[in-house]
Amino acid sequence: TWPAVLGLHDNHEPDPAQTTEKPAHHADAMDLLRAGKGVLTNFERNFLLGILGHIELSSKQAQILEGIRCKIEAATVAG
């Protein structure tokens, strides 16, 4: 129906397909950007900024994110 296409609902409830909740990796990326100042390479910084634009991560992106997390954790323990 046109109201559904336009995002209008008769019951004024939000469209479940239009979630405002951010994916978990967004918070992870923001935390790593803050914690990794002085530790992150340009690639890692750009990667973390880039995944903020993604709703889902590929398995390769998830592996890179985990690698960055481990690197920052190791740097904070050593530092």
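Since the structure is predicted, the reported quantities are computational estimates derived from the model, not experimental observations.
- No donor-acceptor pair under 3.5 Å is formed between the side chain of K71 and the backbone N or O of L40.
- Of the possible polar contacts, one joining the H26 side chain to the H54 backbone as a donor-acceptor pair under 3.5 Å is found.
- S58 is linked by a side-chain hydrogen bond (donor to acceptor under 3.5 Å, both in side chains) to Q61, counting only residues two or more places apart in sequence or in another chain.
- Annotation: side-chain contact (heavy atoms from CB on, under 4.5 Å) contacts of K37 (sequence neighbours excluded): none.
- L32 and V77 end up in different hydrophobic clusters when Ile, Leu, Val, Met, Phe, Trp and Tyr side chains are linked at under 4.5 Å.
- Minimum heavy-atom separation, P23 to I55: CG-O, 3.4 Å.
- In the hydrophobic clustering of this structure, I68 groups with F43; members are Ile, Leu, Val, Met, Phe, Trp, Tyr whose side-chain heavy atoms approach within less than 4.5 Å, directly or through other members.
- Applying the salt bridge (Lys or Arg N to Asp or Glu O under 4.0 Å) test to every pair with at least one member in residues 24-33, sequence neighbours left out, gives these pairs: D28-R69, D31-R34.
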Practice problem: Starting from the C-alpha separation in whole Å, work towards a yes-or-no answer on side chain to side chain contact (heavy atoms under 4.5 Å, CB included) for F47 and L65. | Solution: CA-CA 8 Å; F47 174 82; L65 181 61; 4.3 Å; yes
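- The backbone N or O of L52 lies less than 3.5 Å from no partner atom in the side chain of H25, so there is not a single donor-acceptor pair.
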